[in-house]
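Before any comments, here is the structure.
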Amino acid sequence: MDMDKLVSLCKRRGFLFQSSEIYGGLNGFWDYGPLGVELKRNIKEAWWQDMVRGHDELSTPAGAPEAYEMTGLDCTIIMHPQVWKVSGHYDLFCDMMVDCKETKKRYRFDQLRGRWVVAKGKRVFITTLAEAEQETEDLEKRALKAFNLRGKDAASLSWEEKSMSLDQVDDLANVFAPEAKEIGTLTEPREFNLMFKTIVGAMGTEEDAAFLRPETAQGIFVNFKNVLDSTRVKVPFGIAQIGKSFRNEITPRNFTFRSREFEQMEIEFFCHPNASRKWYEYWRDRRMKWYTDLGLAGERLVMREHAADELSHYSVGTADIEYAFPFLPEGEFGELEGIAHRGDFDLRSHMEGKLVKNAEGCLEVEMIPVEGKPDKLRPKHRGSGRDLTYRDEVTNEKFVPHVIEPSSGADRATLAFLCEAYHEDQAPDENGELQTRVVMRFHPRIAPIKAAVFPLVKKDGLPEIAQEIYRKLKAKFSAFYDEKGAVGRRYRRQDEAGTPYCITVDGQTLTDGTVTIRDRDTLEQWRVKVADVVEEISKRVM
RNA sequence: GCGGGUGUAGUUCAAUGGUAGAACGAAAGCUUCCCAAGCUUUAGGCGAGGGUUCGAUUCCCUUCACCCGCUCCA
């Protein structure tokens with residue numbers, strides 16, 4: 001499928017527009033038009049219905065270890081800044097970076113390591129990307145390169161002290177970048193704000209800085225105790241939330257795939273540590289099935305389990321549900337949803353403070369020296385100090401629940417459904433000649449318009465009958481009325497909008513009270529009584 | 001962020017240093033008993049800013065956006 005065709009159809013028919021288009025657009029921001037908002041809303045509502053509202057907590061779903069409860073939440077986009085410091089986003093999202101003017105590479109200012117060396121009367125800071133074991137070897141190799149020396153001249157290199165990170169170096173003009181051929185090619189360190197910063201309070205100063213959330217998940221964790229105290233839910237249970245998140249993507253690209261303002265559909269599922277692996281597997285399979293049930297059924301949808309070395313530091317398992325978007329190279333997939341086993345990382349963080357992995361591979365609170373007293377340590381980012389442990393009222397066991405996080409992108413799902421739906425096929429025109437037809441084959445549940453109603457011709461009282469049917473349909477779901485032009489043209493317009501059914505009032509309606517229903521995909525038509533139309537359509541689109 | 005490319009009507013595309021055209025689409029009307037091209041009429045455009053010039057959509061600069069590659073990706 002040609003992505004350009006889909007993009008222009010989205011614009012032409014009102015699925016997606018560029019944000020602020022009349023001012024030239026804004027990179028990484030997209031608006032949903034009249035059809036797009038219906039599509040996206042249907043996707044979000046299907047998710048909420050299937051995950052939360054329609055969930056049966058009295059019986060054990062297929063594949064689940066036991067019955068469980070589901071509940072919802074809607075929290076603010078701006079939260080206490082400490083939330084992001086403790087979660088790790090603050091440190092990770094506010095990096096200082098340096099660029100190499102020669103190689104166009106970019107490096108984390110605090111992660112690039114190197115060592116001062118003197119040779120030929122010049123003092124240069126040699127940097128390396130090598131792992132710790134190869135660091136000494138690579139530094140020597142790079143130093144020889146910097147001074148244009150041969151291997152046998154290694155003895156003329158006079159190394160200082162030991163290696164250090166680049167952020168302890170004041171003079172970048174004498175730094176030899178990792179892959180450069182010349183000295184002093186690095187720019188001054190620049191801050192990259194991957195979180196959107198804002199000010200709370202009219203007199204806002206830097207102390208009033210706050211952030212737009214980069215994920216909805218943290219709002220669930222910080223409300224964990226509130227939900228427990230207010231709802232009588234018992235572990236295992238899940239809290240679901242749909243909402244906007246914001247990330248200052250370095251390179252927004254590929255239509256809405258990587259947007260700076262986007263919407264997430266997230267579940268944080270809390271369970272006993274002993275059962276967490278089974279729950280992880282349940283949610284992984286359950287979420288995959290959700291997409292296939294809604295029509296992402298082809299080979300373009302895949303589940304990919306992360307390899308051990310790919311996992312976040314706190315995770316014991318992560319799977320991505322990925323889609324082969326047409327704008328990606330052949331064989332590549334883009335992430336729609338990540339299902340992560342997060343252990344007790346999040347709840348523990350909000351109790352104790354920002355966690356990091358220690359030498360033994362265990363999570364512990366990150367400590368830094370107290371200012372003025374270098375031998376005294378304090379937590380880098382302090383937690384809430386609240387007790388977020390859970391007590392099982394039957395066994396009386398106290399534990400920090402483990403978390404399974406199915407985190408889905410609503411805009412990415414919408415884009416995948418759009419890509420999957422786009423089809424061109426051949427349909428006969430009135431002369432019986434085959435013409436190319438563009439049809440959006442949405443699953444009826446997510447189709448923006450469920451049914452369109454036409455009088456075959458605009459006379460003989462047909463419009464009046466059609467309008468009456470239209471009103472009855474509209475009372476239950478989105479429907480569309482059209483009496484203009486040739487009926488074939490009206491069918492084709494609905495095909496492009498992805499409307500699954502078209503109802504046509506014709507001459508026969510006047511004599512036997514039946515109308516035709518036309519199927520978008522098969523073009524087949526059958527007759528039903530006017531009185532049965534609403535039920536006939538309802539059972540097919542719900 | 002870097003390099004290359006592209007910006008003309010809702011869409012797809014022309015042309016031009018001197019009044020910007022087409023097709024499809026849209027709207028109104030006629031026609032029409034089932035799958036877009038039967039007729040009539042109408043509306044609508046040079047991404048933005050600056051410069052050169054008597055005059056710029058065209059040449060130059062800046063900027064914004066999109067596409068491709070690199071970079072990045074919680």
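Each chain gets a letter, A, B and so on, in the order the sequences are listed, and its residues count up from 1.
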Checklist entry - Which base sits across from G69(B) as a Watson-Crick or G-U pair, both distances under 3.5 Å? => result C2(B)
Next on the checklist: Looking at U32(B), I'd like to know if its phosphate oxygens (OP1 or OP2) sit under 4.0 Å from a side-chain N or O belonging to Lys458(A).
Outcome noted: no
Item to check | Separation of the C1' atoms in G25(B) and A43(B), to the nearest angstrom | outcome: 13 Å
Checklist entry - Using atom P of each nucleotide, how far apart are U52(B) and A65(B) to the nearest Å? => result 27 Å
Next on the checklist: On the six-membered ring of Tyr90(A), is Lys85(A) placed so that its NZ or CZ lies under 6.0 angstrom from the centre and within 45° of the ring axis?
Outcome noted: yes
Checklist entry - Can you tell me if Thr522(A) and Asp519(A) form a side-chain donor-acceptor pair at under 3.5 Å? => result yes
Checklist entry - Who is the Watson-Crick or G-U wobble partner of G25(B), with both distances under 3.5 Å? => result none
Checklist entry - C30(B) and A15(B): how far apart are their C1' atoms, nearest whole angstrom? => result 35 Å
Checklist entry - Taking the six-membered ring for Trp, is the centroid-to-centroid distance between Trp283(A) and Phe269(A) below 6.0 Å? => result yes
Checklist entry - In terms of side-chain geometry, is the basic nitrogen of Arg260(A) or Glu249(A) positioned less than 4.0 Å from the acidic oxygen of its partner? => result no
Checklist entry - With sugar-phosphate meaning primed atoms plus P, OP1 and OP2, does Thr516(A) contact a base, only sugar-phosphate, or nothing at under 4.0 Å between heavy atoms? => result base
Next on the checklist: Counting distance alone, no hydrogens or angles: does the base of A36(B) have a donor or acceptor under 3.5 Å from a partner atom on the side chain of Arg492(A)?
Outcome noted: yes
Checklist entry - According to a strict under-4.0 Å criterion, is Lys11(A) in side-chain N/O contact with OP1 or OP2 of U11(B)? => result yes
Checklist entry - With a cut-off of under 6.0 Å to the ring centre and 45° to the axis, is Arg520(A) in cation-pi contact with Tyr501(A)? => result no
Next on the checklist: Reading RNA chain B from 5' onward, which residue's closest nucleotide shows up sooner: Lys484(A) or Thr504(A)?
Outcome noted: Lys484(A)
Item to check | Touch class at under 4.0 angstrom, heavy-atom based, for Phe257(A) against every strand present | outcome: nothing
Checklist outcome for this item: Closest to the 5' end of RNA chain B, once Thr436(A) and Ser8(A) are matched to their nearest nucleotides, is Ser8(A)
Next on the checklist: I need the CD-P distance between Gln525(A) and C33(B), as an integer number of Å.
Outcome noted: 16 Å
Item to check | Under-4.0 Å side-chain N/O to phosphate OP1/OP2 contact, Arg489(A) with A26(B) | outcome: yes
Next on the checklist: Applying a 4.0 Å non-hydrogen cut-off, can you work out what Glu215(A) is touching in the nucleic acid: base, sugar-phosphate, or nothing?
Outcome noted: nothing
Checklist entry - Is Glu496(A) salt-bridged to Arg492(A), cutoff N-O under 4.0 Å? => result no
Item to check | d(CG, Asp2(A); C1', C67(B)) in whole Å | outcome: 12 Å
Item to check | d(CZ, Arg490(A); C1', A26(B)) in whole Å | outcome: 16 Å
Checklist entry - Can you say whether the rings of Phe196(A) and Phe246(A) are parallel (under 30°), tilted (30 to 60°) or perpendicular (over 60°)? => result perpendicular
Checklist entry - Between U11(B) and U62(B), how far is it from one P atom to the other, in whole Å? => result 28 Å
Next on the checklist: Expressed as a whole number of angstroms, how long is the span from Ile22(A):CD1 to A9(B):P?
Outcome noted: 16 Å
Checklist entry - Roughly how many Å is it from CG in Asp521(A) to C1' in C35(B), rounded to a whole number? => result 15 Å
Checklist entry - Could you give the CZ-to-C1' distance, from Arg493(A) to C24(B), as a whole number of Å? => result 13 Å
Item to check | Identity of whatever pairs with U19(B) - Watson-Crick or G-U, under 3.5 angstrom | outcome: none
Checklist outcome for this item: In whole angstroms, the gap separating P of U11(B) from NZ of Lys5(A) amounts to 17 Å
Item to check | N/O (side chain, Asn27(A)) to phosphate O (OP1/OP2, C64(B)) under 4.0 Å | outcome: no
Next on the checklist: Partner lookup for C46(B), please. Criteria are Watson-Crick or G-U wobble with both distances under 3.5 angstrom; report none if nothing qualifies.
Outcome noted: none
Next on the checklist: Can you check the distance between G18(B) and U57(B), where both ends of the measurement are the P atom (answer in whole Å)?
Outcome noted: 11 Å
Item to check | Nucleotide paired to C33(B) in any strand shown, Watson-Crick or G-U, under 3.5 Å | outcome: none
Checklist entry - Is Arg518(A) side chain donor-acceptor paired with the C35(B) base, going by distance under 3.5 Å alone? => result yes
Checklist entry - Under the 3.5 Å rule, do the base of C33(B) and the side chain of Gln508(A) count as making a donor-acceptor pair? => result no
Checklist entry - On a whole-Å scale, what distance lies between the P atoms belonging to U19(B) and U6(B)? => result 26 Å
Item to check | Nucleotide paired to A9(B) in any strand shown, Watson-Crick or G-U, under 3.5 Å | outcome: none
Checklist entry - When all nucleic acid strands are considered with a 4.0 Å heavy-atom cut-off, which category describes Leu523(A): base, sugar-phosphate, or nothing? => result base
Next on the checklist: If you go through the side-chain atoms of Tyr23(A), does one of them form a donor-acceptor pair with the base of C64(B) closer than 3.5 Å?
Outcome noted: no
Next on the checklist: Over 60° means perpendicular and under 30° means parallel, so tell me whether Tyr481(A) and Tyr470(A) are parallel, tilted or perpendicular.
Outcome noted: tilted
Checklist entry - If you check every side-chain atom of Lys459(A), which of C35(B), C33(B), A65(B) has the closest atom? => result C33(B)
Next on the checklist: Taking the P atom in each of G17(B) and U58(B), what is the distance between them to the nearest angstrom?
Outcome noted: 11 Å
Next on the checklist: Under 4.0 Å, counting only non-hydrogen atoms across every strand here, what does Asp460(A) touch: a base, just sugar-phosphate, or nothing?
Outcome noted: base
Item to check | Rounded distance (Å) that lies between atom P of C35(B) and atom CZ of Phe454(A) | outcome: 13 Å
Next on the checklist: Please give the distance between the P atoms of C54(B) and A48(B) as a whole number of Å.
Outcome noted: 24 Å
Checklist entry - Which of the following nucleotides, C72(B), A65(B), G10(B), is nearest to the side chain of Thr251(A)? => result C72(B)
Checklist entry - Hey, is the side chain of Arg253(A) pairing donor to acceptor with the base of C66(B) inside 3.5 Å? => result no
Item to check | Watson-Crick or G-U wobble mate for A56(B), both contacts under 3.5 Å | outcome: none
Next on the checklist: With heavy-atom distances below 4.5 Å as the criterion, would you say the side chains of Asp2(A) and Pro326(A) are in contact?
Outcome noted: no
